[in-house]
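Worksheet: the structure to be examined is printed underneath.
Labels below follow one simple rule: chain letters A, B, ... track the order of the sequence lines, proteins then strands, and each chain is numbered from 1. The analysis underlying the following values was restricted to heavy atoms, covering all of them including side chains, and did not include hydrogens, waters or symmetry mates.
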Amino acid sequence: MPELPDVEGFRRVLAEHTGEPITAVRVCDAGVLRGVTPRRLDKALRGRRFEPPRRHGKWLIAPADGPVLMLHFGMTGSLSWHGRGEPRHRHDRVVWSFPGGELRLRDMRKLQGVRLAADEDEAGRLLDDLGPDALAASREEFAASLAGRRGRLKSALTDQSLLAGLGNLLADEICWQALVSPLRDVRDLRDDEVAALYRTMRRVLREAVDEGRVPPRDTWLTGARDEPGRPCPRCGTPLSRRRIAGRTTVWCRTCQPG
DNA sequence: TGAATTGTTAAGAG
DNA sequence: CCTCTTAACAATTC
């Protein structure tokens with residue numbers, strides 16, 4: 001699930017448990033650890049408290065009074081709070097224990113995972129290649145990210161080095177709601193189309209963040225994209241689909257010409 | 001069995 | 001240097 005709205009939800013989960021001391025870090029599956037050992041993760045965090053976490057794109061950044069925990073949820077990760085003794089789920093990979101319960105990183109596919117930066121400088125370097133956060137970007141920053149870019153709109157919107165946070169579902173949803181084809185060459189976009197994309201991105205992100213995911217509503221593309229051949233929720237034209245950069249892109253050839 | 005899945009990265013082609 | 005495509009990672013479902 002994790003695109004920007006999902007990660008924002010995980011950030012809130014963690015934010016509710018800042019200030020409590022971490023009593024232990026248990027690694028159930030080291031396959032999610034990136035550049036850190038179970039022992040070092042536990043040693044670095046045990047006894048410390050998380051400070052208010054922040055998010056940049058799909059990264060969750062959790063300073064802990066020195067070291068900085070960095071989480072990326074890949075395609076199937078989540079972070080959730082559980083009472084002590086709640087039976088473990090088979091995909092719980094790392095558990096942070098607190099006096100009143102525990103945070104669990106659950107992730108079926110283990111495509112990304114957990115990093116530990118020694119300090120804020122190192123954390124910043126890990127995020128160096130990311131563009132501005134999609135929710136924090138101004139209209140000017142958004143336009144600047146697209147300016148000078150060649151290639152398809154879909155590729156640009158999902159390129160984390162241009163704009164951080166949009167994934168496959170969000171990019172298609174934004175293009176569909178903005179009435180712009182994801183196949184369009186970025187260089188050919190008119191100013192009013194770029195403006196429409198920005199406004200639409202803001203609205204879609206706001207609503208998705210409220211729900212903690214891209215909502216699969218009947219009136220949204222996301223509610224119809226799963227089964228091939230479904231009609232466009234807006235005009236009824238059968239939805240088009242095609243693989244771009246290894247990801248399935250869905251759009252309406254009537255609403256989004258070109 | 002083959003293909004699909006909301007992410008990222010490397011490698012090779014053009 | 002830029003952008004495109006594939007494959008790989010891993011687990012699961014249809």
Side-chain angles (χ1 to χ4, degrees), chain A residues 1-11 27-35 55-60 70-79 88-94 105-115 126-131 133-135 145-177 182-189 201 204-205 207-209 211-217 220-230 239 241-251:
Chain A
M1 298 139 237
E3 298 183 66
L4 185 156
D6 312 79
V7 180
E8 183 59 23
F10 305 148
R11 189 193 63 76
V27 176
C28 313
D29 187 334
V32 294
L33 300 188
R34 303 293 144 110
R55 182 193 53 72
H56 190 114
K58 302 170 189 173
W59 282 94
L60 179 56
M70 315 208 26
L71 301 177
H72 194 298
F73 299 90
M75 283 174 97
T76 53
S78 66
L79 188 70
R88 196 146 291 162
H89 187 279
R90 65 203 290 222
H91 298 139
D92 287 341
R93 310 302 190 185
V94 180
L105 174 67
R106 189 168 293 181
D107 191 347
M108 182 179 75
R109 286 169 72 183
K110 302 185 285 185
L111 291 175
Q112 296 294 320
V114 178
R115 305 183 109 90
L126 285 173
L127 305 178
D128 224 21
D129 288 338
L130 294 181
D133 179 74
L135 197 53
S145 288
L146 297 181
R149 170 82 182 192
R150 297 183 286 128
R152 293 198 179 96
L153 175 59
K154 171 65 178 279
S155 304
L157 289 177
T158 54
D159 185 335
Q160 304 298 298
S161 69
L162 293 183
L163 192 66
L166 305 185
N168 200 38
L169 294 189
L170 276 172
D172 285 359
E173 187 68 51
I174 290 163
C175 288
W176 183 78
Q177 293 200 26
L183 305 185
R184 291 275 299 281
D185 190 306
V186 173
R187 289 171 297 186
D188 299 335
L189 294 175
M201 177 180 78
V204 168
L205 282 178
E207 296 190 43
V209 163
E211 305 229 9
R213 63 172 180 162
V214 187
R217 296 178 189 157
W220 281 29
L221 177 68
T222 304
R225 64 173 296 149
D226 282 352
E227 306 116 73
R230 283 282 293 278
L239 291 169
R241 64 175 57 224
R242 184 183 149 180
R243 257 176 125 66
I244 294 182
R247 332 286 303 118
T248 296
T249 297
V250 180
W251 77 102

Checklist outcome for this item: All heavy atoms of A:H91 vs all of A:H89, minimum pair found to be N-ND1, 2.9 Å
Checklist entry - Where each residue is assigned the nucleotide of DNA chain B containing its nearest heavy atom, which of A:R109 and A:R150 is assigned the position nearer the 5′ end? => result A:R109
Next on the checklist: Mind checking if A:R152 touches a base, just sugar-phosphate, or nothing, with heavy atoms under 4.0 Å?
Outcome noted: sugar-phosphate
Checklist outcome for this item: If pairing means Watson-Crick or G-U wobble with both distances under 3.5 Å, then the partner of B:dT6 is none
Item to check | Atom pair distance, as rounded to whole Å: CG in A:D107 and P in C:dA11 | outcome: 10 Å
Next on the checklist: Between C1' on B:dA3 and CG on A:D226, what's the gap in Å once rounded to a whole number?
Outcome noted: 15 Å
Next on the checklist: On the nucleotide C:dC9, are OP1 or OP2 found under 4.0 Å from the side-chain N or O atoms that A:K110 carries?
Outcome noted: no
Item to check | Interatomic distance, A:R109 atom CZ to A:T76 atom OG1 [nearest 0.5 angstrom] | outcome: 6.0 Å
Item to check | Nearest-angstrom distance, C1' atom, B:dA3 to C:dT6 | outcome: 16 Å
Checklist entry - Does A:R247 place a side-chain N or O at less than 4.0 Å from the phosphate oxygens OP1/OP2 of C:dT6? => result no
Next on the checklist: Students often get this wrong, so: under 4.0 angstrom with heavy atoms, is A:T222 touching a base, only sugar-phosphate, or nothing?
Outcome noted: nothing
Checklist entry - Think A:H91 has a side-chain N or O under 4.0 angstrom from the OP1 or OP2 of C:dA10? => result no
Checklist entry - Are A:R90 and C:dT12 close enough that a side-chain N or O sits under 4.0 Å from OP1 or OP2? => result yes
Checklist entry - Expressed in angstrom and rounded to an integer, what is the separation of A:R106 atom CZ from C:dA11 atom P? => result 16 Å
Checklist entry - Can you tell me how far P of B:dA4 sits from CZ of A:R241, to the nearest Å? => result 10 Å
Checklist entry - OP1, OP2 of B:dT8 versus side-chain N and O of A:R115: anything below 4.0 Å? => result no
Checklist entry - How would you label the contact of A:T248 with the nucleic acid (heavy atoms, under 4.0 Å): base, sugar-phosphate, or nothing? => result sugar-phosphate
Checklist entry - At under 4.0 Å, does any side-chain N or O of A:H72 touch on OP1 or OP2 of B:dT8? => result yes
Next on the checklist: Just verifying a value: how many Å separate A:R34 CZ and A:M70 CE, rounded to the nearest 0.5 Å?
Outcome noted: 13.5 Å
Checklist entry - Within the structure shown, what part of the strands sits under 4.0 Å from A:G246 by heavy-atom distance: base, sugar-phosphate, or nothing? => result base
Checklist entry - Quick one: on DNA chain B, does A:Q160 or A:M108 contact a more 5' nucleotide (nearest heavy atom)? => result A:M108
Checklist entry - Across the strands shown, which category fits A:R34 at heavy-atom distances under 4.0 angstrom: base, sugar-phosphate, nothing? => result nothing
Next on the checklist: Using OP1 and OP2 only, check whether a side-chain N or O of A:K58 sits under 4.0 Å from B:dT8.
Outcome noted: yes
Checklist entry - Do the non-hydrogen side-chain atoms of A:L157 and A:M201 ever get within less than 4.5 Å of each other? => result no
Checklist entry - Just how far, in rounded Å, is P of C:dT3 from CG of A:D185? => result 10 Å
Item to check | Whole-Å distance separating the CZ atom of A:R187 from the C1' atom of C:dC4 | outcome: 13 Å
Checklist entry - Is the CG atom of A:D129 crowded by more than 12 outside heavy atoms at less than 6.0 Å? => result no
Checklist entry - How close or far is atom C1' of C:dA11 from atom NE2 of A:H89, stated in whole angstroms? => result 12 Å
Item to check | Nearest-Å distance for atom pair CG/P, residues A:L111 and C:dA11 | outcome: 10 Å
Checklist entry - When A:N168 is tested against each of A:E173, A:R247, A:K154 for side-chain hydrogen bond (donor to acceptor under 3.5 Å, both in side chains), which residue passes? => result A:K154
